[in-house]
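Heads up: the structure comes next, in structure tokens.
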2 protein chains.
Amino acid sequence: MALGDAILACLTERPMTGYELAKTFDSSIGFFWKADHQQIYRELSKLRDRGHIQGREVVQTGKPNKLIYTLTPEGRTALRHWAARPSTPPSIKDDLLIRLHALDSIDIEPMRTDLMARLEHHRDRHANYERILKKRFPEGMAEGRLDLGNLLLLRLGARHEQIVADFCEEALDALSAMSGKATVVPLEDGKREGKG
Amino acid sequence: MALGDAILACLTERPMTGYELAKTFDSSIGFFWKADHQQIYRELSKLRDRGHIQGREVVQTGKPNKLIYTLTPEGRTALRHWAARPSTPPSIKDDLLIRLHALDSIDIEPMRTDLMARLEHHRDRHANYERILKKRFPEGMAEGRLDLGNLLLLRLGARHEQIVADFCEEALDALSAMSGKATVVPLEDGKREGKG
DNA sequence: AGTCCATATGCACATTGACGCATATGCGCC
DNA sequence: GGCGCATATGCGTCAATGTGCATATGGACT
């Protein structure tokens with residue numbers, strides 16, 4: 001039930017609509033926990049049924065009415081109880097790593113393409129974290145009232161993206177160094193089953 | 001369908017039974033992709049139905065008969081096709097990070113306990129990776145026929161555990177430095193909903 | 001007028017995952 | 001002889017997640 005708790009955690013900052021939560025999960029907290037709007041609306045219904053959040057409808061003209069959700073005292077307590085339980089260490093679950101494990105049985109060229117895309121992705125995210133860090137936690141900041149949790153979070157995120165980006169670079173270098181040795185045989189048949 | 005592909009990737013090394021796969025997913029590849037034996041058996045049935053693997057029954061006395069699964073040519077092709085598609089960058093999905101995001105609304109003491117447990121966990125895993133690295137890839141190793149994919153994999157794993165462990169240490173330090181400022185209020189009521 | 005975008009909410013279905021339970025047997029321990 | 005453990009396979013159920021589809025409207029662009 002972690003998504004529900006992630007939503008509760010978000011709502012400690014301020015009341016939000018499902019739409020706003022979806023956008024939040026597309027940026028800040030979403031860097032650590034992905035969820036699309038359907039998942040969020042579904043979870044909001046459950047949380048409301050449990051009495052952990054309360055919806056207040058705001059009538060709008062020109063746009064559909066919105067439901068602003070607020071944490072109830074029960075929700076706050078539930079969050080504290082959840083946070084008091086030991087966490088379970090996650091595993092990485094990255095397709096790319098599975099592919100590396102079977103590197104000798106797959107085609108190198110698509111792998112290289114993929115690694116380049118991923119390198120860019122992780123560099124982007126790293127830059128993004130650094131940007132947010134500078135903006136939210138500038139150098140000469142008063143230590144008193146800082147948002148410690150989010151500072152730590154952003155620092156971890158930045159370092160994580162850094163090492164994954166480094167990893168992609170190394171992998172690309174290693175593949176280049178190796179490329180002379182293996183015969184590159186592209187996929188013969190055209191039925192490359194993509195997503196569409 | 002990544003678990004299926006992870007199994008195919010494992011079977012490129014050597015034919016295995018469901019039981020052996022389950023053990024593999026409890027150690028090496030399982031550091032990156034968790035799966036219990038029930039999930040694995042279910043997935044094996046699907047892969048067999050698709051013709052991607054082939055089971056050969058070995059009659060045993062004293063133990064239940066076992067089914068050794070081998071990759072079929074179709075399975076090998078399916079793996080190559082899968083590996084030729086772009087991978088999707090995963091998100092971290094760690095409870096601990098959600099808690100950090102709501103640090104101001106939760107209790108610090110259980111958080112501290114959790115962080116200490118996690119520190120130990122990630123240190124253990126780091127040591128484990130380093131141990132395997134030394135064993136499988138000793139210093140003066142011939143560069144010719146090394147298992148490049150797994151070398152990269154282990155190096156990434158080691159570094160990842162390292163930064164997460166460092167992160168736990170930093171978080172603990174920060175909590176200690178902060179502890180004087182906040183009033184610690186333990187949970188009042190006893191209905192701490194645990195797992196049981 | 002037609003199309004796309006942002007706002008705002010939600011249902012239905014399929015897959016994946018977590019967890020408990022069941023079965024069968026030989027071996028070592030007490 | 002009973003107990004737990006390692007070996008070896010699997011079912012059933014429910015929660016969590018992912019993906020596609022549906023609805024409604026005003027404003028900007030073409």
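Values in this document were obtained by computation on a predicted structure and should not be read as measured data.
Going from atom CD1 of B:Ile7 over to atom P of C:dT16 covers 11 Å, rounded to whole Å. Here the C1' atom of nucleotide C:dT16 and the NZ atom of A:Lys93 are 8 Å apart, to the nearest Å. The distance between atom CG of B:Asp36 and atom C1' of D:dA15, rounded to the nearest whole Å, is 14 Å. Separating the CG atom of A:Leu47 from the C1' atom of D:dA15 is a distance of 14 Å, rounded to the nearest angstrom. Put simply, CH2 on B:Trp33 is 11 Å from P on C:dA18, counting in whole angstrom units. Separating the CD atom of B:Glu43 from the P atom of C:dG17 is a distance of 8 Å, rounded to the nearest angstrom. Rounding to whole angstrom units, CD of residue B:Glu57 and P of D:dT7 are separated by 19 Å. Rounded to whole Å, atom P of D:dT19 lies 12 Å from atom NZ of A:Lys34.
Remark: the A:Arg118 side chain and the B:Ser87 side chain contain an N/O donor-acceptor pair separated by less than 3.5 Å.
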**Request:** Take nucleotides 5-12 of chain C nucleotide by nucleotide from the 5' end and write B, S or -, depending on whether a protein heavy atom sits under 4.0 Å from the base, only from the sugar-phosphate, or from neither.
**Result:** -SBBBBBB
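Here the nucleotide nearest the side chain of B:Lys46, chosen from D:dT17, C:dT16, C:dG17, is C:dT16.
The side chain to side chain donor-acceptor pair (under 3.5 Å) check on B:Asn128 picks up B:Arg131, with sequence neighbours excluded. Residues satisfying the side chain to side chain contact (heavy atoms under 4.5 Å, CB included) test with A:Asp36, not counting sequence neighbours, are A:Gln38, A:Gln39.
Under the side-chain hydrogen bond (donor to acceptor under 3.5 Å, both in side chains) criterion, the residue pairs touching residues 153-166 of chain B are A:Glu170-B:Arg159, B:His122-B:Glu161, B:Arg125-B:Glu161, B:His126-B:Gln162, B:Gln162-B:Asp166, with sequence neighbours excluded. Note on residues 93-121 of chain B: no pairs pass ring pair (Phe, Tyr, Trp, His ring centres under 6.0 Å), not counting sequence neighbours.
Other cluster members for A:Val59: none, since no ILVMFWY side-chain heavy atom sits under 4.5 Å from it.
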